[in-house]
2 protein chains.
Amino acid sequence: MSFSDYFSGLGSSVEIPKGAYLFRQHQEPASLFFIEQGLVKAFYETFDGKEFIKSFIKEGQVIGSLQALVADQSNSFSVIALENCIVKKISRSQLMQCVDSTAHTRGWLNEFLLALAMKKEQREYEFLCLSAAERYLLFCQREAELVPRLSQLDIARYLGITPVALSRIRRRLNF
Amino acid sequence: MSFSDYFSGLGSSVEIPKGAYLFRQHQEPASLFFIEQGLVKAFYETFDGKEFIKSFIKEGQVIGSLQALVADQSNSFSVIALENCIVKKISRSQLMQCVDSTAHTRGWLNEFLLALAMKKEQREYEFLCLSAAERYLLFCQREAELVPRLSQLDIARYLGITPVALSRIRRRLNF
DNA sequence: TGGCAGCATTAACCCGGGTTAATAAATTAT
DNA sequence: ATAATTTATTAACCCGGGTTAATGCTGCCA
């Protein structure tokens with residue numbers, strides 16, 4: 001069952017232009033965002049302006065800071081639109097109301113947490129066991145549809161390397 | 001609320017000697033283990049005998065393969081006792097019965113998944129944003145109690161580096 | 001159309017970690 | 001207590017990735 005089935009009544013759709021923030025690390029209160037159209041990136045920003053990309057979220061998927069939503073803290077990372085997007089925003093209080101009042105939503109939350117935990121376990125595996133080149137190849141095959149929508153710079157920052165290193169890897173694999 | 005409160009009636013306690021497997025990658029059917037006493041490590045084993053440690057689990061904590069439990073597949077990693085242990089084993093079917101029949105257990109599962117997702121997000125952050133030396137320092141302070149119970153080899157394999165590299169890092173930080 | 005800004009590639013140089021191997025220290029077994 | 005095994009350290013050498021900077025390339029805007 002998809003997100004929109006669970007939360008169809010909630011929130012309103014907003015347009016977010018390419019390059020704009022959905023929310024920013026340590027700022028706004030927590031919200032959940034459903035991406036109806038477009039593509040965004042979730043990333044950590046360091047004091048000196050470096051970016052480390054956690055994940056890419058595209059149409060049909062959901063993004064929000066777990067720590068922020070659960071513990072009612074500020075967001076632990078930022079989210080920015082990589083394309084012009086249409087998103088639906090659900091505030092923490094709206095979400096909590098749903099979770100408390102409907103078994104459906106609780107079920108959805110369970111599924112969401114399970115999927116998230118498994119995705120992060122997979123990423124742990126990749127950082128722990130694979131080289132940068134292997135991670136890149138795996139990314140290209142698993143996210144084939146995404147690759148042409150991304151810059152090398154962002155792919156590199158997702159893999160945990162610099163764009164220079166990614167360019168070298170691509171040459172070695174003769175792209 | 002602790003694990004033993006939820007599942008006190010289930011399973012029976014077993015002794016596992018140091019060095020023995022609780023379960024092995026791609027083998028046994030899925031189970032959940034509650035560590036009553038002792039310390040175990042969860043790790044991926046490669047065909048050529050290398051180990052990559054996912055996590056250490058000590059007394060009071062729970063370990064089991066999510067993919068195995070949820071999708072009823074074989075385990076995706078191995079778990080071995082680092083000390084003599086006493087553990088309680090709950091089979092997949094026992095767990096599923098509980099989850100279906102009692103709201104308490106469903107609540108516990110939710111908490112467990114949430115904690116797991118957040119822990120893995122934290123680890124993602126560390127691999128993405130921190131150097132090996134920084135990861136080591138963070139590990140030492142956050143898991144101070146564990147450090148003296150572990151070998152350098154296993155700490156290194158948890159950090160994603162070789163014991164040689166860890167030794168060099170320790171020297172740089174003059175330990 | 002020309003000029004400018006951003007992105008990808010390449011080169012040069014440095015450094016951290018991998019690998020192998022030797023040594024030393026600490027456990028365990030006999 | 002001694003031998004045998006495991007664990008930690010150190011050295012030497014190599015390689016991959018970081019850093020900086022130069023060069024193209026593309027697209028955009030004035």
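What you see is a predicted model, and the numbers here were worked out from it, not measured in a lab. Protein chains get the first letters and strands the later ones, always in sequence-line order, with residue 1 at the start of each.
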Holding to side chain to side chain contact (heavy atoms under 4.5 Å, CB included), I want the full list of residues that pass it with [X], two or more places apart in sequence or in another chain.
X        : result
A/Glu15  : A/Ile86
A/Ala42  : A/Lys54, A/Ser55, A/Ile57, A/Ile63, A/Phe77, A/Val79
B/Ser151 : B/Leu153, B/Asp154
B/Pro17  : B/Ala20, B/Asn84

Sidechain-backbone polar pair: A/Ser78 side chain, A/Gln25 backbone, donor-acceptor under 3.5 Å: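 Present.
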Nucleotide interval of DNA chain C bounded by contacts with chain A (heavy-atom cut-off, under 4.0 Å): C/dA8 to C/dA12
Between the axis at one end of the helix from C/dT1-D/dA30 to C/dT30-D/dA1 and the axis at the other (five pairs apiece), what's the angle to 10 degrees?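 The helix from C/dT1-D/dA30 to C/dT30-D/dA1 shows an end-to-end axis angle of 30°.
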Which pair of heavy atoms, one from A/Leu116 and one from B/Ala117, lies closest together, and at what distance?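 Looking at all heavy atoms of both residues, the closest pair is CD2-CB, 4.0 Å.
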What pair of heavy atoms forms the shortest contact from A/Ala132 to A/Ile161, and how long is it? CB-CG2, 3.9 Å
With rounding to the nearest 0.5 angstrom, report the [atom1] to [atom2] distance, [X] to [Y].
X        : Y        : atom1 : atom2 : answer
B/Ile155 : B/Gln152 : CD1   : CD    : 5.5 Å
B/Glu121 : B/Met118 : CD    : CE    : 8.0 Å
A/Leu137 : A/Leu130 : CG    : CG    : 10.0 Å
A/Lys88  : A/Ser12  : NZ    : OG    : 8.0 Å

Selection: residues 128-159 of chain B, any non-hydrogen atom under 4.0 Å of DNA chain D: B/Ser151, B/Gln152, B/Leu153
Give me the one residue out of A/Leu22, A/Ile16, A/Val62 that meets side chain to side chain contact (heavy atoms under 4.5 Å, CB included) with A/Ile35. A/Leu22
Could you work out, with ring pair (Phe, Tyr, Trp, His ring centres under 6.0 Å) as the rule, every residue matching A/Tyr125, not counting sequence neighbours? B/Tyr44
Residue pairs fulfilling ring-ring contact (aromatic ring centres under 6.0 Å, His included) with at least one residue in residues 145-169 of chain B, sequence neighbours excluded: B/Phe56-B/Tyr158, B/Phe139-B/Tyr158
Sorted by number, the residues of residues 161-168 of chain A with heavy-atom contact under 4.0 Å to DNA chain C: A/Val164, A/Ser167, A/Arg168
Does anything in residues 133-149 of chain A pair up under side-chain hydrogen bond (donor to acceptor under 3.5 Å, both in side chains), and if so which pairs, sequence neighbours excluded?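 As it turns out, the side-chain hydrogen bond (donor to acceptor under 3.5 Å, both in side chains) pairs with a partner in residues 133-149 of chain A, which skip direct neighbours, are A/Lys58-A/Glu145, A/Glu59-A/Arg149, A/Glu83-A/Arg149, A/Glu126-A/Arg142, A/Ser131-A/Glu134, A/Tyr136-A/Arg170, A/Glu145-A/Arg149.
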Atom pairs, protein N/O to nucleotides 23-30 of chain D N/O, distance under 3.5 Å:
none

